[in-house]
Q: 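First, the structure itself, so that you have it in front of you.
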Number of protein chains: 2
Amino acid sequence: MIRRFRGESLHKVDAKGRVSVPAAFRRVLEEGDPDFSRGSYPNFVIVYGGVRSDCLEGYTISSISKVDKLISKLPRFSKDREMLERFINTQSTYMQLDETGRIVLSHRLKEKVGIGDEAIFAGMGEKFQIWEPKNYQNELNALDSSFKKLSEDENPFLKLDQLQD
Amino acid sequence: MIRRFRGESLHKVDAKGRVSVPAAFRRVLEEGDPDFSRGSYPNFVIVYGGVRSDCLEGYTISSISKVDKLISKLPRFSKDREMLERFINTQSTYMQLDETGRIVLSHRLKEKVGIGDEAIFAGMGEKFQIWEPKNYQNELNALDSSFKKLSEDENPFLKLDQLQD
DNA sequence: TAGATTTCCATGATATCCCATAAGATAGCA
DNA sequence: TGCTATCTTATGGGATATCATGGAAATCTA
């Protein structure tokens, strides 16, 4: 089984910016880091730019490579490619879990998404997100209400079955 | 034969949140976990968000993977994909049966659907549901009365055979 | 050398593992 | 057909490991 990021949880951010990454996510990060071996600590990537400017997004090494590969397919020097490279390569950073399964969020990163002394981790399959709790709640509410407004044939759950190959 | 989740049963939830999963369901979970082998204990997924917010829904690994695969076909960063990931990945969690065929429902999960010291398991074919007993009874009653109100050509039993492909 | 960052240790809470038992269910057999 | 032995289930309790988190010491770095 290929493990995916699943679930959501709330964690304290201490004065130094340290946060525990949910234990379940660590397993996914380990599996997703080709250089990981027992006894070491997995590397991964946090993207803070681009589409989602209200949260941070964490990718395993192997899932960010997939994205990188897609970007490489765009014509060199194209506007699109430039933009994606800016958002996904420039505005991102490598991270490493420490011995106790924590990472440290720099002042800059916390500020970027409004994180204070708490953060919510949300699994999103191939990636996960880190949110300031209030913003996260707003996101959920917004999603909920926009879901309720959808007509039957816009419902993504129902569209799923039509994709069936 | 492909086993499906069938039947309903009531189980105690102890102080630690432990509940026995009905023995019949365990067989289905085992068959539905590609990594399962005799001597190990099957993994599966519980979804608590989205459409059904009044009960928990259990999926085998292989049936949730089907869903995951469909979601992965949607464009990364699209609104639809975001919504589905939020409801199906974020608001879900991996589970593993223990040696005695139990799982533990965290405080958060129990609270989400109002479960106290008893829970009802209900088979639903490809998935099963976990309910607080009173809520379950209400659900049954509501279903019953809305069924009675249907006209002949709305009756799903009669529509069934028309779908035949 | 002051402030920031990283490493190392400490602790309470939670989750997991291991063992135990009683009630059913099933099988075997006379 | 009735009786006993065996297995499976549902459930409980205690021991142990893991997790989330905080603080102190060591190391950078500007």
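Proteins come first, then strands; the chains are lettered A, B, ... in the order of their sequence lines, and each starts at number 1.
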Q: Write down the distance between NE2 (A:His107) and C1' (C:dT5), rounded to a whole number of angstrom.
A: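 Answer to the nearest Å: 15 Å.
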Q: With A:Lys134, which residues qualify under side-chain contact (heavy atoms from CB on, under 4.5 Å), at least two apart?
A: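 Counting only residues at least two positions away or on another chain, A:Lys134 forms a side-chain contact (heavy atoms from CB on, under 4.5 Å) with A:Glu132.
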Q: Would you check, one step at a time, whether the test side-chain contact (heavy atoms from CB on, under 4.5 Å) holds for B:Leu29 with B:Phe36?
A: CA-CA 9 Å; B:Leu29 292 174; B:Phe36 172 79; over 6 Å; no
Q: Tell me, please, which residues at least two apart from B:Pro156 pass side-chain contact (heavy atoms from CB on, under 4.5 Å).
A: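 side-chain contact (heavy atoms from CB on, under 4.5 Å) check on B:Pro156 returns B:Phe147, B:Leu150.
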Q: Heavy-atom contacts under 4.0 Å between residues 9-20 of chain A and DNA chain C, which residues?
A: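 Listed by number, they are A:Lys16, A:Arg18.
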Q: Side chain to side chain donor-acceptor pair (under 3.5 Å) with B:Asp54: which residues, sequence neighbours excluded?
A: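 Listed in chain order: B:Arg52.
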Q: Can you name the side-chain contact (heavy atoms from CB on, under 4.5 Å) partners of B:Ser65, sequence neighbours left out?
A: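 Here the qualifying residues are B:Ile61.
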Q: Give the rounded distance in Å between these two atoms: CZ of B:Arg102 and P of C:dA15.
A: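 Distance check: B:Arg102 CZ to C:dA15 P gives 15 Å.
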Q: Give me each pair satisfying salt bridge (charged side-chain N to carboxylate O under 4.0 Å, His left out) with a member in residues 145-155 of chain B, each pair once, sequence neighbours excluded.
A: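 Of all non-adjacent pairs touching residues 145-155 of chain B, those that pass salt bridge (charged side-chain N to carboxylate O under 4.0 Å, His left out) are B:Asp144-B:Lys148.
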Q: Identify whether any heavy atom of B:Arg27 sits under 4.0 Å from a base atom; if not, whether one sits that close to sugar-phosphate; answer base, sugar-phosphate or nothing.
A: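 The residue B:Arg27 makes sugar-phosphate contact but no base contact.
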Q: Separation of B:Leu105 atom CG from C:dA15 atom C1', in whole Å?
A: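 Spelled out: CG on B:Leu105 to C1' on C:dA15 is 13 Å.
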Q: Show me the pairs that pass salt bridge (charged side-chain N to carboxylate O under 4.0 Å, His left out) and involve residues 100-124 of chain A, at least two apart or across chains.
A: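 Counting only pairs at least two positions apart or across chains, the salt bridge (charged side-chain N to carboxylate O under 4.0 Å, His left out) contacts touching residues 100-124 of chain A are A:Lys12-A:Glu118.
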Q: Under 4.5 Å side-chain heavy-atom separation, chaining through any Ile, Leu, Val, Met, Phe, Trp or Tyr, what else clusters with B:Val104? Say none if it is isolated.
A: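 Once heavy-atom contacts under 4.5 Å are chained together, B:Val104 still belongs with nothing else.
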Q: Identify every side-chain donor-acceptor pair in residues 70-80 of chain A under 3.5 Å, counting partners at least two apart or on other chains, and give the distances.
A:
{"residue": "A:Ser72", "atom": "OG", "partner": "A:Asp68", "partner atom": "O", "Å": "2.8"}
{"residue": "A:Ser78", "atom": "OG", "partner": "A:Pro75", "partner atom": "O", "Å": "2.9"}
{"residue": "A:Ser78", "atom": "OG", "partner": "A:Arg81", "partner atom": "N", "Å": "3.1"}

Q: Tell me which residues in residues 116-128 of chain A lie within less than 4.0 Å of DNA chain C, going by non-hydrogen atoms.
A: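 By residue number: none to list.
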Q: Name the first nucleotide and the last nucleotide along DNA chain D (5' to 3') that come under 4.0 Å of a heavy atom in chain A.
A: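 Nucleotide range with atoms under 4.0 Å of chain A: D:dC19 to D:dA24.
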Q: Rounded off to whole Å, could you give me the CD-to-C1' distance for the A:Glu99 and C:dT5 pair?
A: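 Checked: the CD to C1' distance equals 16 Å.
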Q: If you pin B:Gln96 and A:Val104 to their nearest nucleotides in DNA chain C, which one's is more 5'?
A: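 On the 5' side of the pair lies A:Val104.
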Q: Would you call the rings of B:Phe121 and B:His11 parallel, tilted or perpendicular if under 30° counts as parallel and over 60° as perpendicular?
A: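 Perpendicular: the ring planes of B:Phe121 and B:His11 meet at over 60°.
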Q: Could you list the residues that satisfy side-chain contact (heavy atoms from CB on, under 4.5 Å) with B:Lys127, not counting sequence neighbours?
A: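 Per chain and number, B:Lys127 pairs via side-chain contact (heavy atoms from CB on, under 4.5 Å) with B:Glu57, B:Tyr59, B:Met124, B:Gln129.
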